[in-house]
Amino acid sequence: MSAVLVRGEEWTSIPEDLYIPPDALEVILEEFAGPLDLLLYLIRRENIDVLDIPIAEVTRQYMTYVEIMKAIKLELAADYLVMAAMLAEIKSRMLLPRPVAADPEEADPRAELVRRLLEYERYQAVCESLEARPRVGRELFLPEIPMDGRNSERPAPTVTLEDLLNALRAVLRREDAFAHHRVMREPLSVRERMTHILERVRSDGFTEFSMLFQLGEGKRGVVVTFLAILELVRESLVMLVQNEPFAPIHLKAAA
């Protein structure tokens with residue numbers, strides 16, 4: 001054995017404890033992408049019409065290739081054996097007598113295989129056309145401009161008022177997320193407003209509906225007063241009176 005340099009040291013013999021995997025020096029050239037690819041290759045090599053496939057001859061050539069694959073590595077031949085079994089099944093169905101009333105196209109057991117072959121051939125043509133197109137790193141190379149190591153100074157961006165307001169808005173949103181929840185007593189009470197309305201209705205006899213609302217309290221006061229009126233009507237403490245349609249509504253204490 002000739003001398004070999006490994007990390008600067010000369011080796012004249014293989015070390016006894018050196019492990020070499022079984023497939024370390026094995027080179028496998030996968031010429032076919034799958035069972036349909038092999039079948040289509042055999043059909044093209046023999047110049048066979050896809051619509052009229054001689055199953056027996058194609059199966060014989062197919063099994064020859066499968067036997068070679070089985071001798072190399074059995075797991076690679078599994079899918080090809082499935083296709084060989086399908087070809088054998090098609091041949092056996094062709095040998096059986098066909099029903100008299102059957103449609104010739106439907107009775108042909110090769111129809112499904114032909115459909116799959118035509119579809120595979122169409123996709124293969126598309127892949128080959130894509131593979132023939134120029135590709136970056138194979139036919140096309142992007143230009144690379146070497147830098148001389150000089151550091152270019154870039155001006156810092158100017159902070160605008162809008163950027164400052166956006167930052168402040170983000171801080172306020174984050175502050176709201178950490179704010180404590182406080183439960184405060186409602187300054188307006190429906191029960192207290194019911195007592196007030198009941199006193200006015202009893203003293204005045206008829207009281208116009210709009211006169212019971214205090215506009216200075218805002219929407220919250222309007223809602224509380226309206227709820228108090230509904231509660232008094234529900235408890236039959238006051239009555240709603242209207243003389244005619246679209247006339248003003250009055251409240252009167254119940255008898």
Show the nearest heavy-atom pair for residues Ser236 and Ala254, with the distance to one decimal.
O-CB, 3.3 Å
Can you establish whether the number of heavy atoms outside Glu128 located under 6.0 Å from its atom CD is more than 12?
yes
If you measure only the distance, is there a donor-acceptor pair under 3.5 Å linking the side chains of Arg200 and Thr207?
no
Report yes if the side chains of Phe206 and Leu251 come closer than 4.5 Å at any heavy-atom pair, otherwise no.
no
Phe141 atom CZ: more than 12 heavy-atom contacts under 6.0 Å:
yes
Donor-acceptor pair, Glu121 side chain versus Leu117 backbone, under 3.5 Å?
no
For Arg169 and Leu164, indicate whether the former's side chain and the latter's backbone hold a donor-acceptor pair under 3.5 Å.
no
Check this for me: does any side-chain nitrogen of one of Glu131 and Arg138 sit under 4.0 Å from a carboxylate oxygen of the other?
yes
Tell me whether Val201 is reachable from Met211 by hopping between hydrophobic residues (I, L, V, M, F, W, Y) whose side-chain heavy atoms are closer than 4.5 Å.
no
How close do Ala228 and Ile197 get, heavy atom to heavy atom, and via which atoms?
CB-CD1, 3.9 Å
Please report the shortest heavy-atom distance between Leu198 and Leu232, naming the atom on each side.
N-CD1, 4.4 Å
Looking at CZ of Arg135 and CG of Leu140, how far apart are the two atoms once the value is rounded to the nearest 0.5 Å?
10.5 Å
Evaluate the side-chain contact (heavy atoms from CB on, under 4.5 Å) criterion for residues Val238 and Lys252: first the C-alpha distance (whole Å), next the side-chain angles of each, then the deciding distance (0.1 Å), finally the verdict.
CA-CA 6 Å; Val238 298; Lys252 178 184 178 183; over 6 Å; no
Value for CD1 (Ile229) from CE (Met194), rounded to nearest 0.5 Å, stands at 11.0 Å
Look up atom OG in Ser129 and atom CD in Gln124, then write down how far apart they are to the nearest 0.5 Å.
11.0 Å
Heavy atoms of Val222 and Phe213 approach each other most closely as O-CE2, 3.5 Å
Distance-only check: which donor-acceptor pairs under 3.5 Å involve side-chain atoms of residues 239-250, not counting sequence neighbours?
unit_1	atom_1	unit_2	atom_2	d
Gln242	NE2	Ala247	O	2.7
His250	ND1	Pro248	O	3.4

Evaluate whether atom CD of Glu192 has more than 12 neighbouring non-hydrogen atoms of other residues, nucleotides or ligands under 6.0 angstrom away.
no
My understanding is that only residues two or more places apart in sequence, or in another chain, count here; which of them pass ring pair (Phe, Tyr, Trp, His ring centres under 6.0 Å) with Phe226?
none
Take Arg116 and Tyr120 through the test side-chain contact (heavy atoms from CB on, under 4.5 Å) and record every step on the way to the result.
CA-CA 6 Å; Arg116 294 178 58 184; Tyr120 179 79; over 6 Å; no
